[in-house]
Amino acid sequence: MKIRTRLTILFTLITAAILLAFAAVIYYTAKENREKEFYALLKKEAITKANLFLNASVNKQTLQDIYHNNRKILNEVEVAIYDTSFNLLYHDAVDIDFVKETKQMIDEINHEGKISFYQQEWQVIGLRYAFQGKNFIVTAAAYDHYGYKKLDNLFKTIAIVFIISILFIYLAGRYFSRKAFEPVKEMTKKAANISATNLDLRLLNNGSKDELSELATTFNEMLNRLENSFDAQKRFVSNISHELRTPLAAIITELELSAAKDRTIAEYKNAVANALTDAKKLTRLSNSLLDLAKASYDPSEIAFKPTRIDEVLLDARQQVQKVNPGYKIDIHFDPEFLRDENDNQILVNGNEYLLKAAFANLFENGCKFSNDKQSVVSISFSNEKIILRFADKGIGIPEDDLKNIFTPFYRGDNKNFADGNGIGLSLTQKIIVLHKGIIAVRSERNQGSTFTVELPHI
Ligand code: ADP
């Protein structure tokens with residue numbers, strides 16, 4: 001069931017319950033009043049007749065005639081007068097005699113002073129009436145035709161008004177809930193049209209401060225984030241395909257040229273060497289992509305364990321120098337550490353494989369962007385952190401490039417100085433952040449660059 005329908009029904013039910021309670025109170029009060037008023041009328045009639053009979057000594061026959069005459073047009077009250085010994089002194093109509101008085105009833109009235117009760121639908125009262133020092137018992141009874149009719153009319157009116165009101169409330173509820181949910185319907189229609197191909201579509205926001213416009217704003221913000229990350233993914237894939245295509249195209253051209261006609265052994269060797277260089281580039285690229293994928297895993301899926309940073313640095317150096325034997329890499333320890341020999345300081349909770357990839361990138365960059373092919377890392381400690389400074393005396397990074405060098409596939413203005421694919425630093429930053437660390441860079445043109453990495457130690 002739609003919220004709109006549910007709300008309308010709930011609203012109608014609640015209003016119906018309130019109206020019903022209201023109507024019940026009105027009807028019950030009217031019923032009580034009718035009863036009270038009619039007993040009062042009976043009492044008045046009983047006293048008037050007793051007065052006429054006992055006080056004014058009006059003739060019995062005259063009183064009975066008045067009763068019989070009045071009975072034809074209105075609900076005349078039937079009155080009987082007894083003495084306390086149950087002797088009937090006067091009766092309006094002995095032939096009708098609706099109330100069958102008994103000695104017991106007369107005694108009870110005499111004792112109580114006043115009683116009232118229902119006989120079938122007739123209301124009856126009994127009174128003790130004092131006249132000239134003597135007590136008389138007067139009974140009066142009648143059917144409240146007029147009162148019951150009024151009550152019946154009231155009931156019918158209440159029922160009709162109730163039904164019409166509920167119908168009206170239901171229709172009004174439907175109308176207002178439809179009006180209230182119109183923007184939601186609009187939003188649903190708009191959102192249904194948004195797909196990967198038109199992520200630029202946005203929900204309409206009327207600019208007011210209500211909940212729906214808040215929802216539209218939040219939804220639009222989410223779409224902005226999605227669109228950005230979709231664009232980033234697209235850029236990433238096109239960058240990868242470009243990086244793959246360039247060396248592949250070079251390999252194919254090289255091989256096609258060699259196969260086109262007979263070549264000397266030296267030419268073949270040259271072609272194979274060139275193809276090998278490009279193939280190695282491809283291997284490096286695929287390794288970097290693999291590492292990037294690993295570093296992008298959910299941190300809970302990556303194995304972290306206490307890892308000695310000095311050992312990882314030594315392994316990274318070995319890895320870099322294996323591929324580039326000409327690179328010189330020095331590792332300097334903080335003299336304090338050598339004195340303290342506090343082993344825990346050198347431990348971080350980390351993933352050895354990823355940390356090695358990050359450090360190898362920093363070593364490799366330092367060497368490949370310097371004429372002396374040298375990179376130096378110095379290790380120092382603070383209370384909570386290990387601080388690693390990877391410094392080189394290379395060509396430096398142009399200031400405009402500094403803010404972009406951690407972006408995937410970004411290569412600086414100095415890229416022609418050395419081969420690369422632009423993944424290294426973005427991968428390094430991802431790995432350091434994954435280890436709850438930070439990486440920063442300072443560089444000066446033709447003076448060199450220093451990358452500072454801070455990692456929390458155990
Ligand atoms: P790649 O080295 O493959 O080009 P990186 O992501 O490792 O990609 O580095 C991005 C860019 O940052 C490099 O192209 C280069 O312009 C600049 N860079 C990084 N490290 C250094 C460094 N030590 N000296 C000079 N430039 C550097």
Side-chain angles (χ1 to χ4, degrees), residues 232 235-236 238-248 250 277-296 313 316-317 319-321 323-324 326-332 354-378 387-434 437-453:
R235 269 200 310 276
F236 194 76
S238 80
N239 279 330
I240 290 176
S241 60
H242 177 78
E243 289 297 325
L244 285 173
R245 219 174 32 219
T246 315
L248 274 176
T277 311
D278 287 324
K280 278 182 181 164
K281 253 190 209 169
L282 284 175
T283 314
R284 267 209 309 277
L285 176 67
S286 73
N287 284 342
S288 300
L289 287 175
L290 197 69
D291 290 345
L292 197 63
K294 281 182 188 156
S296 306
L313 284 168
R317 172 167 75 175
Q319 182 183 313
V320 173
Q321 286 180 332
V323 186
N324 309 284
Y327 287 0
K328 293 185 280 293
I329 297 168
D330 283 340
I331 302 174
H332 288 312
L354 291 176
L355 283 175
K356 191 162 86 175
F359 298 158
N361 269 322
L362 293 171
F363 281 147
E364 202 181 319
N365 278 351
C367 294
K368 78 180 180 187
F369 286 107
S370 336
N371 284 316
D372 61 0
K373 305 291 169 218
Q374 190 167 0
S375 170
V376 180
V377 61
S378 52
I387 302 155
L388 306 171
R389 285 189 187 84
F390 295 81
D392 63 69
K393 294 198 181 75
I395 57 171
I397 306 168
E399 205 174 326
D400 286 349
D401 285 335
L402 279 176
K403 56 182 181 303
N404 294 320
I405 54 171
F406 294 103
T407 310
F409 294 106
Y410 186 86
R411 303 205 67 216
D413 218 21
N414 57 14
K415 64 181 175 218
N416 293 332
F417 193 84
D419 251 3
N421 49 38
I423 295 181
L425 278 185
S426 72
L427 170 65
T428 303
Q429 189 190 41
K430 221 174 201 140
I431 294 171
I432 300 302
V433 171
L434 198 67
I438 48 172
I439 179 166
V441 58
R442 279 182 60 190
S443 184
E444 223 171 291
R445 259 224 146 134
N446 297 323
Q447 298 294 314
S449 315
T450 303
F451 286 84
T452 308
V453 172

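Worth knowing before you read on, the calculation uses all heavy atoms, side chains too, and leaves out hydrogens, waters and symmetry mates. One-based numbering, in listed order, for ligands and for the atoms of each.
Within 4.0 Å of ligand 1, counting heavy atoms only, the contacting residues are N365, G366, K368, F369, D392, G396, I397, I405, Y410, R411, G412, N414, G420, N421, G422, I423, G424, L425, S449, F451.
Each of V320, L425, V377 was checked for a side chain to side chain contact (heavy atoms under 4.5 Å, CB included) with L362, and the lone residue meeting it is L425.
Every side chain to side chain contact (heavy atoms under 4.5 Å, CB included) that K393 has, sequence neighbours left out, goes to D372. Applying the salt bridge (Lys or Arg N to Asp or Glu O under 4.0 Å) rule to D413 yields no partners; only residues at least two apart in sequence or on another chain are considered. For E243, the side chain to side chain contact (heavy atoms under 4.5 Å, CB included) test picks out L285, F409, N421, with sequence neighbours left out.
A 6.0 Å sphere centred on NZ of K280 holds no more than 12 heavy atoms belonging to other residues, nucleotides or ligands.
Classified by interplanar angle (parallel below 30°, tilted 30° to 60°, perpendicular above 60°), the ring pair F390/F363 is perpendicular.
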